[in-house]
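To start, the structure under review is shown below, and the notes come after it.
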Amino acid sequence: MSQRFNALSADARWQRVWDERRTFAADDHSNKPKSYVLEMFPYPSGRIHMGHVRNYTMGDVLARFRRMNGMEVLHPMGWDAFGMPAENAAMEKGVHPGGWTRDNIATMKAQLKRLGFALDWTREFATCDPEYYGHEQALFLKFYEAGLVYRRESAVNWDPVDMTVLANEQVIDGRGWRSGALVEKRKLNQWFLKITAFAEDLLSGLGELKDWPEKVRLMQENWIGKSQGLTFRFALNDAAGTNEGVVEVYTTRPDTIFGASFVAVAADHPIAQAIAANDAAVQAFIEDCKRGGTTAAELETQEKKGFDTGLTATHPFDPFQQLPVYIANFVLMDYGVGAVFGVPAHDQRDFEFATKYQLPIRRVVSDGAKDAPEFDDAEAYTGPGILVNSHFLDGMDVEDAKREVITRAEAGGWGEGTTVFRLRDWGISRQRYWGTPIPIMHCDGCGAVPVPTAQLPVKLPEDVSFAIPGNPLDRHPTWKHVDCPSCGKPAVRETDTLDTFADSSWYFIRFASQPDDKPFDKAVAEQWLPVGQYIGGVEHAILHLLYARFWTRALQHIGMLDVAEPFAGLFTQGMVTHETYKSSDGRWLSPGEIENGIEVSTGQPVTVGRIEKMSKSKKNTIDPEPIVDQYGADAVRWFMLSDSPPERDLEWSENGIEGAWRFIQRLWRLVGDQGGGDAGEDIALRKVAHRTVKGVAEAIEGLQFNKAVALIYTLANAVEKAQPSGDRDAALATLLRIVAPMVPHLAEEVWAARGGEGLIADVAWPAVDQAMLVDDEVTIAVQVNGKLRDTLLMPKGVAKDVAEAQALASEKVIRVLEGKAPKKVIVVPDRLVNIVA
RNA sequence: GCGGGUGUGGCGGAAUUGGUAGACGCAGCGGACUCAAAAUCCGCCUCUGGCAACAGAUUGUCGGUUCGAGUCCGACCACCCGUACCA
C-alpha cells in the first residue's frame with residue numbers, strides 16, 4: 001500500500017462501486033429487522049452548504065452502523081423543491097422557477113454524491129414532480145371529504161403598492177421588501193386544515209415520544225397550549241343604560257374576576273364592526289389597527305392601544321359595577337373568543353393598558369406581603385397566592401377560586417368551564433405560483449367543487465411570467481378556466497397553492513412506498529414507519545414536526561395508514577458557524593477576500609467579528625465542494641463528527657479540517673499495517689479494544705459522535721504504542737471496522753487491500769467480550785472535607801472498612817488532619833473516601 | 001413580548017448522572033529526525049504563587065441545599081432558536 005491515502009481516487013472508486021452494486025438500496029422484502037434513518041430533506045437553494053454536510057454525515061454514520069448490525073436500512077434522499085426562493089430567482093434573473101430548481105437539484109445531487117453517503121437514490125423524488133404533488137392533491141381531497149378542510153377569512157400581510165401578499169420574511173421593519181410601502185393586514189378567503197381537531201391527540205401523543213429531545217416536546221406542548229378556563233357573558237349596555245345584548249369573553253383566570261376593570265374586544269370582533277358601521281372615529285381606530293404585519297412578535301411588542309366604545313359591561317357578580325368596553329389592538333380574534341376582561345393587577349399587558357388609560361388597578365390576589373386593594377407595584381403580580389378583596393372568594397387559593405367561579409357561572413347559566421387551545425388551524429393557502437395547486441374549482445352554481453380524482457394531477461402551467469408582482473396563476477389567460485365537473489357550466493380553478501409545509505408533511509411516507517397509482521401502499525409503508533431516527537435542525541422543532549405529526553394522524557383518522565406518530569426518534573443538530581470579517585469601512589468580507597488579517601484587494605486591515613451561523617448575508621460561508629476536492633470526503637466527514645457535540649453549534653475552522661486530514665493519514669498508515677502475525681498476548685490492549693467497540697457503539701446509537709471520535713483516538717493511540725502481538729493485529733482489524741461508518745472510503749480501500757471479502761459496508765460490527773470490560777483494580781479518591789488529598793490504588797470491591805483504614809493511614813491525610821480526630825468518614829465503594837474533620 | 005435552549009482552560013469539548021474537573025482533539029511551547037523545510041515521532045501544556053515539594057483559586061454572575069455541586073434549588077446576566085406566509 002502507498003504511504004499516503006489518495007482520497008480523490010479512493011472516493012471516486014468506492015462511490016462508483018456502491019452505485020453499481022446498489023449497495024444501499026433498501027429491500028422492502030428483506031426479513032432482517034428494518035430501520036428507517038432519515039435526515040430532513042434539503043431545499044434546493046443552489047449549492048450544498050456545511051449544514052447539509054453535517055446533517056447528512058450524522059445520519060449516514062447511523063445508517064451504516066445499523067447495516068453493520070444486521071438491519072435492513074432505509075436511508076433515502078429527495079428534494080423539498082417548492083418555495084419562494086425559486087420565484088425570487090425568476091423575478092431577479094428571468095429564469096423559470098422549475099428550471100432553476102431542477103438545475104439546483106442536479107448540482108446538489110452531484111455534490112452530495114461526492115461525500116459518499118449511503119443513500120438509497122432509487123427512491124429519490126422532488127416535491128415539484130407532478131407524480132408527487134398529484135398524490136398530495138389526492139390526499140388533500142381525502143381530507144376534504146373527511147371534513148378536515150374548510151375555508152374562511154384570514155389576515156395576510158398586504159403590500160398596498162405592489163398589490164401583493166407578502167410572507168413575514170418579506171416584511172422588513174413594517175415595510176414591503178421591494179416597494180418599501182408600509183404593510184397592512186388584509187383579509188382573504190383562505191383554505192385551512194383542521195389541525196385543532198387533533199390538538200388533544202397531538203398533545204397526549206408527545207408523552208409517547210420518549211426518544212425525542214425533552215426541549216422539543218416542551219416547545220410543542222406550549223405551542224399547543226391547552227388551558228382550562230371560563231367562557232362567560234357580560235350583559236352589554238349603551239351609555240343610557242339600555243341593554244345591547246351580551247359580549248362573550250374567555251379567561252384562564254376566572255379567579256381574578258373581582259379585579260376586572262375593563263373589557264376589550266378585537267378590532268375585527270362583531271361588536272367593534274357593528275359600532276364602526278355608524279361611527280367614523282371607531283372606523284378610523286379599526287383602520288389604525290390594520291397597520292403593520294401579522295406576526296405574533298410584532299403584535300405583542302407593538303404599543304398597546306385601545307378605543308373606548310362608550311359601551312359598558314355589567315359585572316356578573318355585581319350588577320352595580322359597570323366595566324368600560326374597549327376595542328384593543330392586542331386582542332386576537334383567532335384566540336379564544338376574540339374578547340377578554342382586563343385584570344390590571346394580575347396581568348402585565350392589562351397592567352400597561354390600565355396605566356395608559358387610567359383605569360382602576362385593584363389587587364385581588366395577595367403576593368404574601370400585601371393584600372390591600374390599592375396596587376402600587378411597578379408591575380403586575382402573576383404568581384400564586386390567596387384571594388383578597390373578592391367577596392366570597394376571600395381566603396381561597398387561586399386554583400380553588402377558579403373552580404368556585406366556574407361552578408357559580410355554570411349554576412347561574414351565564415358561563416361554562418371550557419378547554420381552549422392556543423393552537424390555531426393550519427392556513428394552507430398561498431397566493432403564489434411555485435407550489436402544489438389546490439385541487440378545487442369554484443362554480444357560481446355549485447360553490448367549491450373538488451377536482452375529480454381522474455383529473456389529477458392538476459399541473460402547474462409552464463408558461464408564466466414573473467414580470468409583475470402577484471400570483472401568475474391568477475392572471476394566466478387560460479389555466480384557471482374550466483368546466484364545473486358537477487354542472488358543466490364555466491368555473492374557475494382555485495389559484496392558491498399549498499403551503500410547502502404540506503409537501504414536507506408526508507414525504508417520508510412516500511419514501512417508504514411509492515406506487516404509481518396512489519400516494520403510498522399502506523402495508524409497505526407500515527413496514528418501515530415510523531421513522532426510527534429523524535435528524536434535522538432545531539428550527540423545525542415546532543412547525544414542520546407538528547404539521548407532519550398532524551398529517552400522519554389525519555391519515556390514520558381516515559384509515560389510510562395505521563401509524564399515529566411519524567417519527568419515533570428525533571435528533572436536532574446544531575448549526576455550522578464561522579468567524580465573520582469586516583473591512584476597515586464596515587463591509588462584510590468573505591474568508592477568501594482575506595490574507596493574514598489584510599483585505600487582499602485594498603491592503604487594509606480586517607476586523608474579526610463574532611462567530612455566527614454561516615450565511616450569505618454575513619459572507620462567512622465555506623463552500624464544501626472545494627474542501628472535498630482538497631481533503632477528500634472522509635476528512636470532511638471526520639471533521640463534521642469531531643469535537644462539537646452534534647446538538648451544539650460547530651465552528652468551521654481551517655485548523656480543524658487540517659487536523660482531520662492528518663488523522664485520516666495517520667489512520668491509513670495504522671490500519672494499512674498488515675501486522676506481524678505475532679502470536680503474543682497484550683491483555684491491556686485487548687481490553688482497550690473491547691471497551692472502545694462498546695463505547696463507540698453506544699455513542700453512535702446515542703448520536704454522540706464527538707464521544708465516538710474521542711474513543712477512537714484513544715484506541716489508535718494505544719495501538720500505536722503497543723508492541724507487536726496477536727492482540728495488536730486484532731485491535732487493528734477492530735479499529736478498521738469501527739471507523740468504517742465514519743470514513744467509509746478509506747475503510748473500503750484498506751479492506752480491499754487486506755484481502756477482505758466483499759465490501760466493508762456489509763461486514764458485521766465487531767463483537768464485544770464482556771469479560772474484557774471489567775477492571776480488577778480501582779483508583780479511590782481520598783478527600784478531607786470534600787477536598788482531594790490523595791488517591792489510592794485498591795482491588796475492586798474492597799471492603800469499606802479496609803478503604804477507610806487505608807485512607808486514614810495516608811501520610812497526606814495525616815498531615816492535613818494535624819492530629820484532629822475525624823468526625824465522620826463517608827465511604828463510597830470503589831470510588832472515594834471523604835473524611836469530615 | 002412570549003416559548004425553548006446554551007454558558008467548563010488560549011480554543012472545541014469530556015466528566016460513569018451528586019463522588020478525583022479538564023478525557024480526546026486543536027492551537028502553542030520544547031526536543032528528535034533533516035543541509036534545510038514539510039511530514040512524522042517524543043515531551044510539556046487551567047490559572048496564581050513557588051526552584052521545587054506544595055499551597056490557593058477555578059465550570060457565566062450571586063446566593064442556597066449537601067460530608068461532597070459542573071451536575072440539584074432560587075435569583076440574575078449574556079447569547080442562540082422559534083413565534084404560525086423563510087425553509
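Here is the naming used below: chain letters follow the sequence lines, and residue numbers restart at 1 for every chain.
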Discussion item. Nearest to the Tyr713(A) side chain among rU16(B), rC24(B), rG13(B), which nucleotide is it?
Written reply: rC24(B)
Discussion item. Does the structure show a Watson-Crick or G-U wobble partner for rC35(B), both distances under 3.5 Å? Name it, or say none.
Written reply: none
Response to the item:
Closest of rU20(B), rA87(B), rC85(B) to the Arg430(A) side chain is rC85(B)
Worksheet item: Choosing from rA27(B), rC85(B), rG56(B), which nucleotide comes nearest the side chain of Arg789(A)?
Response: rG56(B)
Practice prompt. Side chain of Arg831(A) only, please: which of rG1(B), rU16(B), rU40(B) is the nearest?
Written response: rU16(B)
Worksheet item: Side chain of Asp643(A), base of rG12(B): donor and acceptor closer than 3.5 Å?
Response: yes
Discussion item. Looking only at the side chain of Ala710(A) (C-beta and beyond, no hydrogens), which of the listed nucleotides rA14(B), rC24(B), rA84(B) gets closest?
Written reply: rC24(B)
Worksheet item: For rG13(B), does either OP1 or OP2 sit under 4.0 Å from a side-chain N or O belonging to Arg648(A)?
Response: yes
Fill in: Assigned glycosidic conformation for rU59(B) [threshold 90° from 0]
anti
Worksheet entry | Pairing partner (Watson-Crick or G-U wobble, both distances under 3.5 angstrom) of rA78(B) | rU6(B)
Response to the item:
Base orientation of rG82(B), chi within 90° of 0 counted as syn, else anti, reads anti
Item to complete: Decide yes or no, distance alone: a donor-acceptor N/O pair under 3.5 angstrom between the base of rU40(B) and the side-chain of Arg666(A).
Response: no
Response to the item:
With the side chain defined as heavy atoms from C-beta on, Lys824(A) is closest, among rC67(B), rG19(B), rA87(B), to rC67(B)
Worksheet entry | Side chain of Asn655(A) (C-beta onward), nearest among rA15(B), rA27(B), rA87(B) | rA27(B)
Worksheet item: Quick one: on RNA chain B, does Leu166(A) or Asn785(A) contact a more 5' nucleotide (nearest heavy atom)?
Response: Asn785(A)
Worksheet item: With no angle test and no hydrogens, is the base of rC85(B) tied to the side chain of Gln190(A) by a donor-acceptor pair under 3.5 Å?
Response: yes
Practice prompt. Once you apply the 3.5 Å cut-off to both distances, tell me the Watson-Crick or G-U wobble partner of rU20(B), or none.
Written response: none
Item to complete: Looking only at side-chain atoms of Glu539(A), point me to the closest of rG68(B), rC81(B), rA14(B).
Response: rC81(B)
Worksheet item: According to a strict under-4.0 Å criterion, is Asn88(A) in side-chain N/O contact with OP1 or OP2 of rC86(B)?
Response: no
Practice prompt. Would you please confirm or rule out a distance under 4.0 Å between OP1 or OP2 of rG12(B) and any side-chain N or O of Lys707(A)?
Written response: no
Item to complete: Determine whether any donor atom in the side chain of Gln431(A) lies under 3.5 Å from an acceptor atom in the base of rC85(B), or the reverse, and answer yes or no.
Response: yes
Worksheet item: On a whole-Å scale, what distance lies between the C1' atoms belonging to rC42(B) and rG63(B)?
Response: 48 Å
Discussion item. Using Watson-Crick or G-U wobble geometry with both distances under 3.5 Å, which nucleotide pairs with rG28(B)?
Written reply: rC44(B)
Worksheet item: Any N or O donor-acceptor pair linking the side chain of Asn834(A) to the base of rC67(B) at under 3.5 Å?
Response: yes
Worksheet item: Counting side-chain heavy atoms from C-beta on, which of rU83(B), rA14(B), rC86(B) comes nearest to Pro645(A)?
Response: rA14(B)
Worksheet item: Nearest-Å distance, CD (Gln783(A)) to P (rU20(B))?
Response: 7 Å
Fill in: N-O pairing of Glu494(A) and Arg151(A) below 4.0 Å
yes
Practice prompt. Could you work out which one of rU83(B), rA27(B), rU20(B) sits closest to the side chain of Arg662(A)?
Written response: rA27(B)
Worksheet item: With both distances kept under 3.5 Å, what pairs with rU83(B), Watson-Crick or G-U wobble?
Response: rG1(B)
Worksheet item: Taking the P atom of each, how far is rC44(B) from rA23(B), in whole Å?
Response: 12 Å
